[in-house]
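Below is one structure, written out as structure tokens; comments come after it.
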Amino acid sequence: MTTVFCITALTTLASAVAAMSLRNLVHCVLCLTVSFIGMAMVYLQLSSQFVGFAQVMVYVGAVAILMIFALLMTRGGQELFMREWRPMHWLVGGLVSLALLAVLVGSILQSPVIQNTGPVDKVERVKDLGQSLVYEYLLPLEALALLLTVALIGAALIALPPKQYPIKPQPRENS
Amino acid sequence: MWFEDLLIQIKSVLVLNAPEGLRPILSAMLSATPILSAFGGLFAAVTLLERKMLGRIQNRYGPNRVGPFGIFQPVADGIKMLTKEDIVPKTADHSIHFLAPLLLLLTAMLGLSVIPYGEKLVAIRFEAGIVFFFAVGGAAELAVFMAGWASRNKYALLGSLRAIAQMVSYEIPLILSSVCVLMAAGTLSLDEVAKSQSGSMLSWYIMTPWGLMGCVLFLIATLAEVNRSPFDIPEAESELIAGHMTEYSGFKYAVFFLAEFVAMFAMCALTATLFLGGYHPPLPILAFIPGPFWLFAKLMVLVLLFIWIRGTMPRLRADQLMEFAWKFMLPMAVINLISTGCWIALGRGSLGWGLSALINLAAYGALSRWLSSRPNQQKRTYRFAEGPMHAA
Amino acid sequence: MNSPSLAACLIFSACLFCTGLAGVLLRRNLILILAGIELMLNAANINFVAFWRHHPASDDVAGPVMVLFALAIAAAEAAVGLALVISIFRHYKSTNPETMEDKSS
Amino acid sequence: MNSAQATPSSDKAQAGPMFESKTSDQAPSLDGTERMEVSMGPHHPSTHGVFRMDVELEGETVVKLKPVFGYLHRNHEKIAEGTSYLGSMPYTDRLDYFNSMTNNWAYALSVEKLAGIEVPERAEYIRVITAELSRLQNHVCLIGFLVQDMGALGTPLMYAFRERERILDLFESLTGARMMCNYMRFGGCRCDVTPAWLRQAHQVTEAFPRFLDEFEALLSENEVLLSRSQGVGALGQDLAIAAGVTGPMLRATGVNYDLRKADAYGIYNRFNFRVPLGSHGDVFDRYMIRILEMRESIAILRQAIRDIPDGDYVHPKAKLRGFKPPMGEAYGRIEAPKGELGFYLISDGSPKPYRFKVRPPSFINLTILEDMCLGQTVADAVIILGSVDIVLGEVDR
Amino acid sequence: MIGKGILKGMMETARNLTGSFHDPERLTTVSYPEEKIPAKENARNFPFLVYDGDDWESGLRCVSCQICEKECPPQCIYIEKDTQKKADFLGKLQFQPKVFDIDVSVCMGCQICVEVCPFESIRMDRDFEYAKSDRFEGLLLHKEQLAKSNKYYHQIHPTEATETDAIREGKRQDHLAKERAKAEKLAQAKEAASKSQSKEPNKE
């Protein structure tokens with residue numbers, strides 16, 4: 001439990017909360033990005049470099065950008081404002097998640113796992129990671145590759161506009 | 001070697017004399033300061049050099065008013081930029097408008113921290129250094145978006161969306177063409193990559209067919225990634241005024257400019273590390289000249305190449321740019337991976353060299369044939385009028 | 001480097017998970033709902049790495065590998081999910097899940 | 001084209017930040033994305049002067065384009081009706097300020113038609129030489145600007161200006177001014193050319209083909225330029241003829257129409273030259289037609305400089321002051337570098353024209369801008385505008 | 001092969017880059033204030049008024065006929081006649097301008113005033129460095145600023161000035177001849193008169 005971790009964790013949490021509660025959707029996505037970066041830093045502190053960098057690459061470089069594009073394409077900028085404020089809705093939702101949090105924290109603190117293991121001195125090696133990917137987890141890796149391909153094609157197909165451009169120039173009336 | 005040892009000695013003396021608590025911070029700062037100041041100075045020099053060289057290409061002198069041969073032009077530019085009024089549009093999102101250039105600069109500068117400047121001179125020795133480099137580069141897209149969106153200007157938004165689309169699609173060939181080097185070196189760490197090219201020029205990866213093709217692809221993708229001509233579509237001044245930088249002025253604009261140049265330096269340094277032997281001299285005899293010098297020399301050669309290209313080329317259209325990325329760069333990069341694989345599998349000898357060259361040439365020939373058979377790449381012949389005029 | 005204790009990591013990830021859950025429950029915009037799901041996924045990922053870090057077995061990298069898989073799946077999910085959002089928006093002219101109900105009835 | 005094209009979506013989106021605009025009254029197109037209205041100009045780096053294009057974009061595709069001009073309106077025609085015939089001559093310099101020589105010639109030609117003035121042979125030759133020189137510098141600069149619009153950072157433009165400078169030097173040593181020459185007079189020219197000047201003109205002419213070769217090596221095969229210009233802004237023959245398009249733009253569509261051949265005004269029937277024709281009518285054809293025309297102009301220049309006779313440079317009876325043409329009307333036209341440039345004059349016998357009308361080629365070539373730009377992207381609209389070859393002084397008058 | 005055209009273009013720019021260091025044809029610009037392109041002899045910019053001799057006021061050729069004022073297309077010339085006359089180079093009494101202003105912010109340098117001037121008094125200057133901090137008063141040139149000597153005229157446009165001098169010399173010769181003829185006539189008439197009457201003395 002270091003100060004660095006405290007700072008990272010608090011920043012990450014704060015920006016996650018902001019991402020879920022700000023009114024301006026673009027701000028939400030930007031805050032979400034900050035919390036993704038914060039999580040990557042947590043990975044680094046857990047001495048898992050490659051995962052941390054991959055996290056930044058995938059979430060900041062791809063997912064956040066994708067969200068922003070989706071936001072702009074769906075005129076998200078204009079639906080910024082929560083039109084109606086329904087306290088009951090918020091109360092129930094908030095209570096549910098707070099309750100879950102209480103349950104989780106309680107069970108974590110009571111669990112025996114956290115008592116008997118201290119941090120082990122080990123570092124994730126990229127070489128080991130790669131080798132286990134292609135030896136141990138080859139089948140999941142291939143399945144994942146397939147999944148990604150299918151998802152890529154599927155996403156492109158779903159998002160394809162119903163009509164094709166470019167627009168043909170119209171003939172002039174009476175020329 | 002002596003140069004690197006000297007630097008390390010200085011640093012250790014300074015750090016060891018500092019109080020215990022300050023040491024990590026001091027150490028980090030001492031690593032960062034020389035890099036930042038070197039690249040800051042390089043930025044100033046290159047802005048002048050670029051204008052001079054473009055001027056010469058265009059049969060002009062270039063800046064020659066401030067100081068002898070205009071060498072103080074960057075200083076004058078700096079003063080001008082700093083004293084200019086900082087105008088922020090009224091409807092802009094002020095905080096994001098302010099943060100965007102800083103974030104862009106930050107991402108550009110973070111990339112510099114993993115480049116090996118000498119055998120012992122690496123700011124941060126990550127095992128997955130190149131992944132860090134690309135991951136940080138990915139955040140630049142976000143900064144560009146922030147700039148374009150927060151300006152509340154149609155040109156800025158259009159420019160930033162174009163920039164993002166361009167950077168995202170060129171990141172794929174960029175990474176794929178660097179993967180061939182990683183395959184050959186068998187590591188993700190940049191200083192290992194540089195070390196694997198020690199010896200003479202012949203052991204640089206650019207001396208192999210796949211390395212040459214990879215280097216060309218990497219450079220083209222770099223041009224697109226740092227928005228240099230002919231891929232400067234995000235800032236296409238004839239269409240979009242200045243793209244995402246339209247609403248920036250004064251200091252913030254200068255920061256954008258700086259970030260762009262630093263990103264270019266970082267990419268060039270990466271290219272030099274991956275393909276041109278990094279800090280190694282071209283001949284072992286020249287090893288008495290310190291490594292950082294060689295890296296910067298290679299970097300400058302690449303920067304000059306970029307300036308030369310900028311002075312020559314018209315700009316592609318946004319959709320043609322994407323077309324080029326997907327129809328030429330991506331297949332070529334994938335084929336290059338195969339050719340690298342052949343080279344490695346055949347024992348890195350002349351047989352592998354030949355096969356790799358063959359694969360690359362065949363692929364390049366086929367792709368360029370296919371691309372130049374498209375309707376907008378035709379060689380046309382023109383006729384001259386015969387017979388009667390069109391009746392008026 | 002002294003890394004954070006397991007309990008801290010777990011509590012941190014629980015907090016993140018609940019934030020994501022709250023977002024999914026409370027916000028009425030499909031993109032933000034997706035963002036909440038991403039947060040929850042990430043919270044789970046942190047647990048993977050934390051458990052791996054604190055596990056005594058030294059040569060095993062199951063945790064990071066799981067995270068990598070989860071990352072890939074999350075990326076695929078985001079791509080398809082956002083494509084769906086766009087397609088829904090084209091159909092209903094809104095990204096609010098409640099207005100969709102209204103229209104379909 | 002989809003149905004949303006017809007809906008009135010304009011007028012409102014112009015002011016105000018783009019995200020706050022009320023969307024309910026704006027008809028989105030089928031895929032739910034909004035159209036963006038962009039005003040390109042009058043202070044936009046691409047618009048060749050104070051010219052504005054109101055562009056409506058679907059993504060980056062142009063679906064509507066309205067050229068707006070008049071920012072440079074200087075009342076040329078009305079001013080001309082209030083001054084003497086000679087007094088309008090310097091004003092014609094400022095129509096198409098790249099080609100004051102051809103403007104002068106067109107005006108002088110129509111006044112000569114009106115008053116029935118003969119032009120001495122030497123003057124005709126001088127006119128041909130100066131006109132073809134200005135055609136060279138106009139075309140080469142236009143190509144420079146066009147490639148600049150494609151984003152080439154001014155390198156071709158600088159080369160073009162380097163060559164143009166030599167021609168402007170010629171003009172300066174002949175007429176005293178580089179651009180606003182004010183050189184033609186009714187019945188001839190203002191001053192005579194010297195043998196030294198002719199030698200210099202010969203040198204410039206002989207050096208030009210080498211420059212053109214270099215210029216083509218820089219541009220004509222460049223893949224980027226090819227893909228930017230081929231198939232972009234194609235214009236059909238029928239539309240071009242119907243809209244009254246003239247000049248290289250018309251010839252790029254394949255219509256064989258060149259006033260130097262069709263009218264054979266001046267002494268153009270004495271020269272041996274060809275008229276290049278395109279077949280696609282796109283930006284690349286316009287570019288190539290201009291390159292080829294320059295080569296033909298060089299052929300004309302060689303013949304003219306070789307054959308120029310001695311004699312008067314201005315009709316001895318031509319009057320400078322108190323010039324009063326008889327009552328009547330006349331329309332004189334020439335093949336200016338940009339197209340057919342005509343002056344229509346009505347005289348009531350007084351020293352001032354009763355009616356003075358210019359038929360500017362750039363203005364009329366500009367009228368079909370929208371037809372060429374529809375369905376293309378914004379970036380294309382910029383280079384299509386560049387390929388039309390407009391000079392706002394002539395468009396707005 | 002894709003890329004061939006691009007390489008060709010890059011060779012072209014490289015040739016210009018290197019050429020700019022040794023080939024004056026490829027570096028046509030000059031560093032302006034220190035170095036100036038020698039002016040062409042015919043170069044014209046704004047009009048000036050020529051005077052003969054050393055004193056600009058008495059030597060001014062302008063006789064205030066106001067033809068240039070009338071013919072000037074942008075009407076940038078403003079002339080007021082003086083009531084006092086002065087003798088011109090032929091000894092004839094002529095008007096002189098009291099005010100002769102040219103607004104060079106309006107003048108377009110078309111040279112029409114020069115062409116129409118019957119007294120060779122207005123000519124084109126080639127000075128172009130007219131930047132002023134006051135664009136109204138500063139650019140409105142009065143006759144003391146406009147008046148420049150014939151020597152200066154010879155300096156800037158030698159051929160044209162020599163021609164002009166020849167014309168004026170011709171005019172003077174004509175005039176002298178005419179005077180002589182007149183004087184002879186007068187003398188003859190006088191003689192005749194004195195012969196016939198020899199009463200009235202000449203009033204002159």
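So you know, we letter chains A, B, ... as the sequences are listed, proteins then strands, and number each from 1.
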Atom pair CG (D/Leu218) and CE (E/Met11), whose distance is rounded to the nearest 0.5 Å: 12.5 Å
E/Lys86 atom NZ, neighbour heavy-atom count above 12 within 6.0 Å: yes
Under 4.5 Å from a heavy atom of chain E, the part of D/Thr155 involved: side chain
Greater than 12 external heavy atoms within 6.0 Å of D/Tyr97's OH: yes
Distance, nearest 0.5 Å, that separates CG of D/Asn222 from NZ of E/Lys4: 12.5 Å
Heavy-atom side-chain contact between D/Met180 and E/Cys110 under 4.5 Å: no
For chain D, the option from E/Arg26, E/Met10, E/Glu71 that forms the most heavy-atom pairs under 4.5 Å: E/Arg26
From D/Tyr159 atom OH to E/Glu12 atom CD, the distance as rounded to the nearest 0.5 Å: 6.5 Å
Heavy atoms of other groups near E/Asp54 CG, more than 12 under 6.0 Å: no
Chain D interface, residue from E/Asn45, E/Thr13, E/Thr29, E/Ile37 that has the most non-hydrogen pairs under 4.5 Å: E/Thr13
Heavy-atom side-chain contact between D/Glu172 and E/Arg44 under 4.5 Å: no
Whether over 12 other heavy atoms sit under 6.0 Å from E/Lys81 NZ: yes
Segment of E/Glu25 engaging chain D (4.5 angstrom heavy-atom cut-off): both
Which atoms of D/Glu165 approach chain E - backbone, side chain, both or neither, heavy atom under 4.5 Å: neither
Considering all heavy atoms, the nearest E/Asn42-D/Leu174 contact: ND2-O, 3.1 Å
Residue among E/Lys70, E/Arg126, E/Glu115 with most heavy-atom pairs under 4.5 Å to chain D: E/Glu115
D/Arg166, part contacting chain E, at a heavy-atom distance under 4.5 Å: side chain
Top of D/Ser173, D/Cys191, D/Ser88, D/Gly87 for chain E proximity - count of heavy-atom pairs under 4.5 angstrom: D/Ser173
Spatial distance of atom CG (E/Asn16) from atom CD (D/Glu214) [nearest 0.5 Å]: 6.0 Å
E/Lys8 NZ to D/Glu223 CD distance, which is reported to the nearest 0.5 Å: 10.5 Å
Interface residue of largest heavy-atom contact number with chain E, from D/Leu226, D/Ile79, D/Val224, D/Thr175, under 4.5 Å: D/Thr175
Engaged part of D/Asp169 at the chain E interface, taking heavy atoms whose separation is under 4.5 Å: both
Beyond-backbone contact of D/Tyr91 with E/Pro74, side-chain heavy atoms, under 4.5 angstrom: yes
